Amino acid sequence: MTNQDPLTADVLKGLRVLIVEDEPMIAAFLEDALTDLGCEVIGPALNMKDALRLAREARIDGAGLDINVAGEKVYPVADVLAERGLPFVFMTGYGKAGLRESDLDRPVLQKPFNFERLVEIMTQWRSSRNGTLQA
């Protein structure tokens, strides 16, 4: 473990992160904050059609998923990411109570969430990643 502050240590530099979030202000905040940390933000996907396309086709290292996306559950996107072996975190106002039984072992950030905790989760993606992931 390093003593560097993860928000200033470039630990996320180059990480390709899919953001699925239907609230434009939250999506913009996440995009700006992650870009400032050196991430390449894919999306943000504001609807399920775009989210599914990006989950299937984009070269990404992980994803942040709002559970309720414009009235639809994000679970089909989570299933695609799981099939691809990609890590993801649920970002929701429902906490673990909003998850399917099959997703209870996934990380969850309850809104409003602590951005530093999101960075910690994404840092784990970097440390567990083995080379560049393929589309």
Side-chain angles (χ1 to χ4, degrees):
M1 221 51 208
T2 177
N3 289 333
Q4 286 183 303
D5 179 354
L7 295 178
T8 60
D10 283 340
V11 294
L12 300 182
K13 190 167 182 65
L15 199 68
R16 297 173 55 88
V17 181
L18 170 63
I19 297 297
V20 178
E21 171 59 65
D22 64 339
E23 291 292 332
M25 289 186 68
I26 295 172
F29 164 76
L30 288 168
E31 183 173 19
D32 289 347
L34 291 172
T35 299
D36 287 348
L37 291 174
C39 293
E40 183 175 342
V41 174
I42 309 304
L46 303 175
N47 60 62
M48 284 297 292
K49 180 180 175 186
D50 290 343
L52 277 167
R53 179 181 55 79
L54 290 169
R56 287 184 185 118
E57 300 172 5
R59 188 172 60 83
I60 58 176
D61 299 308
L65 308 176
D66 184 8
I67 287 182
N68 186 355
V69 181
E72 295 182 68
K73 296 293 186 195
V74 78
Y75 299 130
V77 175
D79 291 341
V80 169
L81 295 171
E83 288 170 16
R84 290 183 64 190
L86 295 171
F88 54 91
V89 57
F90 289 108
M91 302 177 299
T92 177
Y94 303 108
K96 284 217 180 249
L99 296 183
R100 304 177 291 187
E101 186 77 25
S102 60
D103 291 316
L104 290 176
D105 62 335
R106 299 284 180 181
V108 177
L109 292 174
Q110 186 159 347
K111 292 178 182 175
F113 58 83
N114 179 317
F115 186 72
E116 289 181 11
R117 179 66 184 127
L118 177 62
V119 171
E120 288 173 14
I121 290 168
M122 291 180 170
T123 300
Q124 293 170 2
W125 300 349
R126 169 58 55 86
S127 63
S128 66
R129 191 172 78 167
N130 55 359
T132 302
L133 298 171
Q134 309 231 346

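Remember, predicted model here, so these are calculated numbers, not experimental data. Below, each value reflects all heavy atoms present in this structure, side chains not excepted, and no hydrogens, waters or symmetry copies.
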Donor-acceptor contact below 3.5 Å, side chain Arg84 vs main chain Ala55: yes
N/O donor-acceptor pair under 3.5 Å between Asp22 side chain and Ala70 backbone: yes
Taking every non-hydrogen atom, the tightest pair across Ala82 and Arg106: CB-NH2, 3.6 Å
For Val119 against Leu37, the heavy-atom pair lying closest together: CG2-CD1, 3.6 Å
Report yes if the side chains of [X] and [Y] come closer than 4.5 Å at any heavy-atom pair, otherwise no.
X	Y	value
Glu21	Glu23	yes
Val89	Leu109	yes
Ile67	Lys73	yes
Asp103	Glu101	no
Leu118	Leu30	yes
Phe88	Leu18	no
Thr92	Asn68	no
Arg16	Cys39	no

Residue pairs, two or more places apart or on separate chains, that pass ring pair (Phe, Tyr, Trp, His ring centres under 6.0 Å) and touch residues 31-61: none
Cation-pi check, Lys111 onto Phe90 ring (under 6.0 Å, within 45° of axis): no
Option among Val41, Leu54, Leu81, Val17 that satisfies the side chain to side chain contact (heavy atoms under 4.5 Å, CB included) test with Ile60: Leu81
